[in-house]
Amino acid sequence: MAAAEKLKVIDTDVHNEQNDSALIPYLPEPWKSRVAATGIGYSGSGYYSPIGVMKKDSIPPGGDKAGSDPDFMIKQLIEGYNVEYAVLTGVVYNISTTHDPDYAAAICSAYNDFLIAEWLGKHKAFKGALAVSTLDPQLAAREIDRVGDHPDIVEVIISSAARWPLGHRFYHPIYEAAERHGLPVAIHPGAEGGGSSTAPTAAGYPARYIEWHTCLSQMFMAHLVSLVCEGVFAKFPRLKVVLVEGGIAWLPPLMWRLDKNYKALRSTVPWLTKMPSQYVAEHCFLTTQPIEEPDNPQHLVDLFNMFDAENMILYSSDYPHWDFDAPDMILRKLKPEARRKIFYENAKKLYNLT
């Protein structure tokens, strides 16, 4: 714990959970009756994990769902690891794999009201990610306009499980609204292959959770290339995107390949005026969890030297999930200045935290 006590920490991916019934008071009809009768009805990935989703010591003393008790989260995470701010990302973004865009939008609105009323005032460390569904970007933009100026809302969060790559112009109203309110857009996995989303890998549907979980980075590669090539960053020059929980090691070779192809194929993307890798460096952040952990720690240091890692990476724990990364256990081989940026300064600047 000594390293964590010396290092200021901003955790950019903390999953506050709730029972479905918690959203009922914030829902209008007919959605209130639907959730009361059947629950929210997320379309998850459907892959069985033998170790579950939550880490075993994150169950609150009262026995409720892990991540659902603000006081226990404060004690275990905020105070336990010297976390100055925690971005609460929830899990409601998974609603984008359902089929009804009006229902999905209503669930997101109810969650955002729940988040503001029952979480953000509990501790000064808590900051919120505003959830929207990608099924109807116009409704999503309306929701961003509704609550995006709340002082404790610091980003918009959407699911990486989608019907098209996220640079598609269908989604641009979300990015326009986020830029209008000065909010980064976080892209988070969790329901790939479920409901109305596409297959979770480029090859189709794997058979086991280990395959699904390992291949999640494929979704982020495709979305990032789409965001660049569809001109999202050229069209919205102030927009920032956070790729949450999608890995990091794939980024340098992907950017090398895209830059190489751009030299020959730039006529297909005439709206780009810079090398693709430059757009990524100027607009994108990646979170640490799940950090790649080679047997030789120097290999990870070498990888970070292949791109502007110390200015593009944000610390995230993924609390309270099973693959939680404690801040005092990862990236210990980096230089102190790089650690300060990744664990604290980059997020403080991105989210305008004072």
Side-chain angles (χ1 to χ4, degrees), residues 13 40-49 53 89-105 107-108 129 131-141 156-175 178 185-233 241-251 253-255 257-258 261 268-269 276 280 284 286-287 290 318 321:
D13 186 26
I40 292 175
Y42 292 116
S43 293
S45 67
Y47 290 95
Y48 166 70
S49 169
V53 177
T89 50
V91 293
V92 163
Y93 46 79
N94 287 324
I95 200 69
S96 290
T97 58
T98 56
H99 299 281
D100 185 337
D102 295 306
Y103 175 68
I107 292 295
C108 287
V132 296
S133 164
T134 55
L135 295 180
D136 187 328
Q138 296 292 345
L139 292 179
V156 175
I157 191 165
I158 61 177
S159 176
S160 63
R163 297 179 179 181
W164 300 289
L166 288 172
H168 194 293
R169 63 193 63 183
F170 172 78
Y171 300 113
H172 286 196
I174 296 174
Y175 308 134
V185 173
I187 301 171
H188 197 292
E192 280 69 12
S196 61
S197 69
T198 59
T201 79
Y205 292 85
R208 293 168 179 82
Y209 177 79
I210 187 173
E211 301 173 69
W212 175 87
H213 196 272
T214 301
C215 290
L216 284 174
S217 293
Q218 292 183 16
M219 306 295 290
F220 286 81
M221 295 180 206
H223 288 319
L224 180 59
V225 171
S226 176
L227 288 165
V228 173
C229 292
E230 294 288 346
V232 169
F233 301 126
V241 168
V242 183
L243 305 176
V244 183
E245 209 172 316
I248 294 173
W250 52 265
L251 183 64
L254 184 75
M255 289 299 93
R257 179 182 292 272
L258 185 55
N261 288 339
T268 65
V269 285
V280 174
C284 295
L286 301 90
T287 65
D318 196 30
H321 293 168

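Predicted, not measured: the structure shown is a model, and the values here were computed from it.
Side-chain contact check for Cys284 versus Leu227: every heavy-atom pair is 4.5 Å or farther apart. For the pair Ile174/Leu166, no side-chain contact is recorded, criterion being any heavy-atom separation below 4.5 Å from C-beta on. Side-chain contact between Asp318 and Pro290 is absent, with no heavy atoms from C-beta onward closer than 4.5 Å. Put simply, the side chain of Cys229 reaches to within 4.5 Å of the side chain of Leu258, judged on heavy atoms. No side-chain heavy atom of Phe220 sits less than 4.5 Å from a side-chain heavy atom of Ile248. In this structure, the side chains of Ile187 and Leu224 stay at 4.5 Å or more apart for every pair of heavy atoms. Residues Phe233 and Val241 are in side-chain contact: their nearest non-hydrogen atoms beyond the backbone lie under 4.5 Å apart.
A distance of 11.0 Å separates OG in Ser159 from OH in Tyr42, rounded to the nearest 0.5 Å. Between the OG atom of Ser96 and the CD1 atom of Ile158 there is a distance of 7.5 Å, given to the nearest 0.5 Å. Between His223 atom NE2 and Trp164 atom CH2 the span is 12.5 Å, to the nearest 0.5 Å. Taking SG from Cys215 and CE from Met221, the interatomic distance works out to 9.0 Å, rounded to the nearest 0.5 Å. Here the CE-OG distance, from Met219 to Ser197, works out to 6.5 Å after rounding to the nearest 0.5 Å. The CG atom of Asp136 sits 7.0 Å away from atom CG of Asp102, with the distance rounded to the nearest 0.5 Å.
Judged by distance alone, with hydrogens and angles left aside, the side-chain atoms of Thr214 form no donor-acceptor pair with the main-chain N or O of Glu211 at under 3.5 Å. Although no hydrogens or angles enter the test, the distance criterion places a donor-acceptor pair under 3.5 Å between the side chain of Ser217 and the main chain of Gly246. A donor-acceptor pair is defined here as one N or O able to donate and one able to accept, closer than 3.5 Å; no such pair exists between the side chain of Thr198 and the backbone of Arg163. Here the side chain of Glu192 pairs a donor or acceptor atom with the backbone of Gly190 at under 3.5 angstrom. In terms of modelled atom types and a separation under 3.5 Å, the side chain of His172 and the main chain of Gly167 share a donor-acceptor contact. Judged purely by atom type and a 3.5 angstrom limit, Gln218 uses its side chain to pair as donor or acceptor with the backbone of Ala202.
Under the 30°/60° scheme for interplanar angles, the aromatic rings of Tyr209 and His213 are found to be tilted. Between Tyr47 and Trp212, the ring planes lie parallel to each other; the angle is under 30°, not in the 30° to 60° tilted range.
A pairwise comparison of heavy atoms in Tyr103 and Ile40 identifies OH-O, 2.6 Å as the closest pair. Scanning both residues, Ala178 and Val185, for their nearest heavy atoms gives CB-CG2, 3.5 Å. Heavy atoms only, all atoms of each residue included: Gly194 and Thr97 are closest at O-CB, 3.6 Å. The two residues Tyr205 and Pro200 have their closest heavy-atom pair at CD2-CD, 3.5 Å. Considering every non-hydrogen atom in both His168 and Ser226, the closest pair reads N-OG, 3.7 Å. Summarising the geometry of Thr287 relative to Val244, their closest heavy-atom pair is OG1-CA, 3.4 Å, with the distance given to 0.1 Å.
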Decide side chain to side chain contact (heavy atoms under 4.5 Å, CB included) for Val228 and Val269; before the verdict, give the C-alpha distance in whole Å, the side-chain angles of both, and the deciding distance to 0.1 Å. CA-CA 9 Å; Val228 173; Val269 285; over 6 Å; no
What verdict does the side chain to side chain contact (heavy atoms under 4.5 Å, CB included) test give for Thr98 and Ile107, after you've listed the backbone C-alpha separation in whole Å, the side-chain angles of each residue and the deciding distance to 0.1 Å? CA-CA 11 Å; Thr98 56; Ile107 292 295; over 6 Å; no
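Residues His188 and Glu245 have side chains that bring a donor and an acceptor to within less than 3.5 angstrom of each other.
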